[in-house]
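Working notes for the structure below.
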Amino acid sequence: MRAIFDETRATMAGRIVTMLGRLDLPHGPRAELAVHGWVAFAEACVVRSIARGAFDQPALLGILPTTLPAGRDPAGPPPAAHRPPPAHA
């Protein structure tokens, strides 16, 4: 079973990494690592929400795409929606 899960995750991550290249987004080793981590995160969110009887597909579809770190430069600033508000002087 473990091999099936690992292969499925690797396939899903590979598809996302392939799309990054097609979209001219960063798709090197750092992005690939981030995507693999995100796939595990997304799987855990879905499994936990089902196990708790609180599966909310619209909420998951709203959250998961915004948490995918690939396509953002890890050394660059976070997207505007995730930046802390400016400090008041």
Side-chain angles (χ1 to χ4, degrees):
M1 287 290 274
R2 179 76 176 174
I4 293 170
F5 290 133
D6 290 344
E7 183 179 338
T8 300
R9 283 188 204 107
T11 298
M12 292 171 66
R15 289 178 181 165
I16 294 169
V17 170
T18 297
M19 288 306 299
L20 294 176
R22 291 181 185 165
L23 296 171
D24 290 328
L25 294 170
H27 58 282
R30 292 172 94 178
E32 186 173 335
L33 181 62
V35 167
H36 278 268
W38 180 84
V39 168
F41 166 76
E43 179 184 312
C45 288
V46 171
V47 169
R48 282 182 174 234
S49 68
I50 291 170
R52 292 183 177 165
F55 183 74
D56 183 351
Q57 184 178 10
L60 287 172
L61 291 175
I63 292 168
L64 293 176
T66 64
T67 61
L68 180 61
R72 296 196 303 252
D73 181 357
H82 297 109
R83 289 186 193 141
H88 294 289

Are Met12 and Leu33 in one and the same hydrophobic cluster, where Ile, Leu, Val, Met, Phe, Trp and Tyr link if side-chain heavy atoms are under 4.5 Å apart? no
Any donor and acceptor pair, going by atom type alone, linking the side chain of Trp38 with main-chain N or O of Leu64 inside 3.5 Å? yes
Side-chain heavy atoms under 4.5 angstrom apart, residues restricted to Ile, Leu, Val, Met, Phe, Trp, Tyr: same cluster for Leu61 and Val46? no
Using the rule that two of Ile, Leu, Val, Met, Phe, Trp, Tyr join whenever any of their side-chain heavy atoms come within less than 4.5 Å, decide whether Phe41 and Leu68 are in one cluster. yes
Residues Val17 and Glu32: closest non-hydrogen pair is CG2-CA, 3.9 Å
Contacts of type side chain to side chain contact (heavy atoms under 4.5 Å, CB included), residue Thr18, not counting sequence neighbours: Arg22
Determine whether Leu60 and Ile16 fall in the same hydrophobic cluster, where Ile, Leu, Val, Met, Phe, Trp and Tyr are linked whenever their side-chain heavy atoms lie under 4.5 Å apart. yes
